[in-house]
Amino acid sequence: KNEVEQSPQNLTAQEGEFITINCSYSVGISALHWLQQHPGGGIVSLFMLSSGKKKHGRLIATINIQEKHSSLHITASHPRDSAVYICAVGSSSGTYKYIFGTGTRLKVLA
Amino acid sequence: DAGVIQSPRHEVTEMGQEVTLRCKPISGHNSLFWYRQTMMRGLELLIYFNNNVPIDDSGMPEDRFSAKMPNASFSTLKIQPSEPRDSAVYFCASSPTGAYYNEQFFGPGTRLTVL
């Protein structure tokens with residue numbers, strides 16, 4: 001079993017839909033990061049969370065430390081949101097290492 | 001700032017050849033990471049440098065892989081000899097420090113194909 005699990009693995013949505021991507025982890029963490037990777041493109045950090053909730057534009061990220069779970073929400077989804085979203089946790093036993101989820105491939109149709 | 005710069009962006013080579021990937025981190029960042037991304041295994045950390053010193057190379061697959069950071073503005077990842085299973089996208093990332101709470105800034109990646 002992977003230490004960081006994401007669901008769903010693939011997601012297709014219609015433009016305007018509310019989207020939720022989930023990340024569950026089994027290790028103790030110091031922080032959790034959500035990353036975005038566009039097709040053929042580089043990787044961009046969206047959020048770093050250690051507790052609570054953060055919002056940036058149409059993106060909202062939440063984390064529940066007790067349940068070892070984080071969600072990434074996209075409101076009013078748009079085709080340009082089509083990308084792979086990757087959850088990465090910073091283990092509490094190491095200061096620099098990310099443990100990556102396998103990613104969720106999102107496609108938003110116009 | 002130009003961000004993390006990697007070269008080449010694409011590399012196609014034949015099995016047995018030497019491959020060198022290059023990375024220029026963001027100026028002022030003292031931590032540098034090399035990652036490999038494949039469909040099967042996702043993103044994997046290969047090696048981590050802090051202040052030009054290799055701190056953790058436990059992710060380097062085998063002796064065919066080597067990495068150097070001769071100064072704060074340049075790092076290389078070398079594969080010699082290359083094999084088809086090395087085909088992947090290789091990312092370099094830099095960070096202000098190695099601390100977990102610091103964002104890592106990723107380069108555009110080098111797509112390596114070994115025939």
Side-chain angles (χ1 to χ4, degrees), chain A residues 1-10 21 23-25 27-52 54 56 59 61 63 65 70 83-105, chain B residues 1-7 9-10 23-26 29-51 53-60 88-113:
Chain A
K1 185 171 166 39
N2 293 333
E3 293 171 302
V4 180
E5 298 270 0
Q6 284 186 240
S7 63
Q9 286 189 303
N10 294 283
I21 299 170
C23 175
S24 297
Y25 52 90
V27 296
I29 71 166
S30 355
L32 182 145
H33 300 255
W34 281 102
L35 310 173
Q36 180 192 55
Q37 184 175 25
H38 281 284
I43 298 170
V44 175
S45 178
L46 298 174
F47 295 104
M48 193 277 287
L49 293 162
S50 53
S51 65
K54 286 191 176 179
H56 182 69
L59 301 178
I63 189 167
I65 298 293
S70 175
V84 176
Y85 292 85
I86 302 169
C87 171
V89 303
S91 170
S92 58
S93 64
T95 57
Y96 55 84
K97 269 189 174 176
Y98 286 2
I99 304 171
F100 295 93
T102 51
T104 294
R105 188 174 300 274
Chain B
D1 198 324
V4 176
I5 298 171
Q6 290 188 247
S7 65
R9 294 293 307 275
H10 301 272
C23 175
K24 177 178 167 54
I26 292 173
H29 285 189
N30 72 355
S31 292
L32 184 138
F33 307 80
W34 280 101
Y35 292 97
R36 178 172 65 178
Q37 185 181 42
T38 60
M39 289 292 291
M40 291 296 294
R41 300 172 68 92
L43 274 163
E44 302 173 283
L45 176 66
L46 298 177
I47 187 168
Y48 161 57
F49 290 90
N50 186 259
N51 291 322
V53 176
I55 303 299
D56 182 354
D57 65 356
S58 59
M60 296 286 264
V89 181
Y90 291 81
F91 288 98
C92 175
S94 72
S95 176
T97 75
Y100 66 88
Y101 48 81
N102 278 134
E103 178 182 352
Q104 292 184 20
F105 294 81
F106 287 79
T110 295
R111 183 173 296 275
L112 173 65
T113 303

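Chain letters run A, B, ... following the sequence lines, proteins first and then strands; every chain starts at 1. The shown structure was predicted, so the numbers you read here are calculated from the model rather than taken from an experiment.
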For A/Tyr98 and B/Tyr35, what are the C-alpha separation, side-chain angles and deciding distance, and is it a side-chain contact (heavy atoms from CB on, under 4.5 Å)?
-> CA-CA 11 Å; A/Tyr98 286 2; B/Tyr35 292 97; 4.2 Å; yes
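- For a residue to count as touching a neighbouring chain, one of its non-hydrogen atoms must lie under 4.5 Å from one of that chain's; by this rule B/Leu45 touches chain A with the side chain only.
- Within 6.0 Å of the CD atom in A/Gln9, the count of heavy atoms belonging to other residues, nucleotides or ligands does not exceed 12.
- Side chains of B/Gln37 and A/Phe100 form no contact here, defined as non-hydrogen atoms less than 4.5 Å apart.
- Between B/Phe106 and A/Ile43, the shortest heavy-atom distance links the atoms CB-O, 3.4 Å.
- For A/Thr102, no part lies under 4.5 angstrom from a heavy atom of chain B.
- Remark: A/Arg105 engages no residue in a salt bridge (charged side-chain N to carboxylate O under 4.0 Å, His left out) (not counting sequence neighbours).
- Heavy atoms of B/Thr38 lying under 4.5 Å from chain A are absent altogether.
- In this structure, the side-chain contact (heavy atoms from CB on, under 4.5 Å) partners of A/Val27, at least two apart in sequence or on a different chain, are A/Glu3, A/Ile29, A/Val89, A/Ile99.
- Under the 4.5 Å side-chain criterion, counting only non-hydrogen atoms from C-beta, A/His33 is not in contact with B/Gln104.
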